[in-house]
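Everything below concerns the one structure shown next.
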2 protein chains.
Amino acid sequence: MSRWEPDAPGRLQLAAFELYTERGYDQTTVAEIAARAGLTERTFFRHFADKREVLFNGGDRFRATIVDHVLAVPASATTLEVVTAGIQAAGSVFPDRDTIRRRQALLHANPELQERELSKLATLATSISQALRDRGSPATTADLAAETGVAVMRIALTRWIEDPTERPWRTHVNTTMAELRQLTA
Amino acid sequence: MSRWEPDAPGRLQLAAFELYTERGYDQTTVAEIAARAGLTERTFFRHFADKREVLFNGGDRFRATIVDHVLAVPASATTLEVVTAGIQAAGSVFPDRDTIRRRQALLHANPELQERELSKLATLATSISQALRDRGSPATTADLAAETGVAVMRIALTRWIEDPTERPWRTHVNTTMAELRQLTA
DNA sequence: ACGGTCACGACAGCAACTGACATCGTATTG
DNA sequence: CAATACGATGTCAGTTGCTGTCGTGACCGT
């Protein structure tokens, strides 16, 4: 019999998500999250840097997936095609629509959480830009392509979530990219 | 003789900017800022929502300038031209290069401040998108154009700041926009 | 068996932020 | 002109996010 129950971070994540949705983010204290997970407040901060970070855990895997796919595209592709491929790949790590919907609703209701989300997307853009440079793109092009790519991803995500006909991720990415091309034509 | 020295918010802003640059953001307490401004901590929070907000005061005017110019462009222009015009106009409310450089250095050194900056840029994008819709653009196009426009602005700003030959704002906006067009060609 | 490590608890403390109430020049009103 | 309302600030107490420090006990390798 081990001294502690396993997977403390996972329990904390679950407890936090539940409490944030039940009572709201501001109305939840870290002590309450820890209590529900059977832990102490101090332990929460050993696993997560702050009260928001507990909601952004898959971020690293998400970023890695996109970067990997960006690096895997044949050299013959255009920069924008490369970015598109990376964003397409992001769909493979999405959980089901409803989980994302609930998550987005949470973020939408709390400015602090939105800020953190934007911050994560910004570092994602930086990673994509770096990957593009590793492929040989000039720095300026890489930055611009990464930023617009993330913008496209955000918009496509909103549409994907709200689409009543539940068309696949791929479709919404392509549609949004097509609009981007038309915009600059 | 009035009861208090005038322009409490201005004094707080100045004190905050000085202390943030002198000692660093984390090493500065709100009580210290208030003390330098000849006020109390409580009064600081009456003028600014939090410790970061004191650095983002011109934001409303900035946004208003861009939106006004977006709305003023003749209807014959393309969506991207409209956005470009708005971003060009942003240059008129910039202070001198060195002030912005110091400001950007401050933001760059503090993740919390970066998050707030991203948040401000996101609401800027929302405002631009709304202005585009008011001009008659479809919602989807407006969102995309606004997001990419802000991305272009960010990149152009970095280049403008770092440009050793000190070419004008307009030049960097045009250059970056041209790259965007080339990217999607 | 023994020492080290690792994950956690316990406790103290700082600083960001908030609510309630007091203060007193200044504008307003009768 | 006097009474009164108002508006910006001070004062104080309290909550909460977050950190440093130290202790504890199960596990692991030697």
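Below, read A as the first sequence line, B as the second, and so on, with proteins coming before strands; counting in each chain starts at 1.
Proximity of residues 12-35 of chain A to DNA chain D (heavy atom under 4.0 angstrom from any strand atom) is restricted to A:T28, A:T29, A:V30. Near DNA chain D, meaning a heavy atom under 4.0 Å from it, residues 38-45 of chain A has A:E41, A:R42, A:F45 in order of number.
Side chains of A:E41 and A:I33 form no contact here, defined as non-hydrogen atoms less than 4.5 Å apart. Counting only heavy atoms from C-beta outward, the side chains of B:I87 and B:I66 never approach each other to under 4.5 Å.
The NE2 atom of A:H47 sits 8 Å away from the C1' atom of C:dC8 (whole-angstrom rounding). Remark: P of D:dC6 and CH2 of B:W4 are 16 Å apart, rounded to the nearest angstrom. For B:E112 and C:dA15, the CD to P distance is 14 Å, given to the nearest whole Å. Rounded to whole angstrom, the span from the CD atom of B:E5 across to the P atom of C:dT26 amounts to 12 Å. Rounded to an integer number of Å, the gap from CG of B:D50 to P of C:dA16 is 11 Å. In this entry the distance linking CZ of B:F48 with P of C:dC17 reads 13 Å, nearest Å.
The distance from atom CG of B:L144 to atom CE of A:M177, rounded to the nearest 0.5 Å, is 9.0 Å.
Between A:L19 and A:T28, the closest heavy-atom pair is O-OG1, 3.3 Å. Between B:K51 and B:Y25, the shortest heavy-atom distance links the atoms NZ-O, 3.0 Å. Heavy atoms only, all atoms of each residue included: A:S119 and B:L118 are closest at CA-CD1, 3.7 Å.
For the residue pair A:R61 / A:T65, no side-chain donor-acceptor distance below 3.5 Å is found, with atom types taken as modelled. Side-chain N/O atoms of B:T158 and B:R154 include no donor and acceptor closer than 3.5 Å.
With distances taken from any side-chain atom of B:A8 to the nucleotides D:dT9, C:dC17, D:dC18, the minimum falls on D:dT9.
Across the interface with DNA chain C, nearest-nucleotide mapping of B:S2 and B:R52 shows B:R52 to be the residue nearer the 5′ end.
The base of D:dG7 has none of its N or O atoms less than 3.5 Å from a complementary donor or acceptor on the side chain of B:R46.
Geometrically, A:R103 does not engage A:F17 in a cation-pi contact defined by less than 6.0 Å to the ring centre and at most 45° from the axis.
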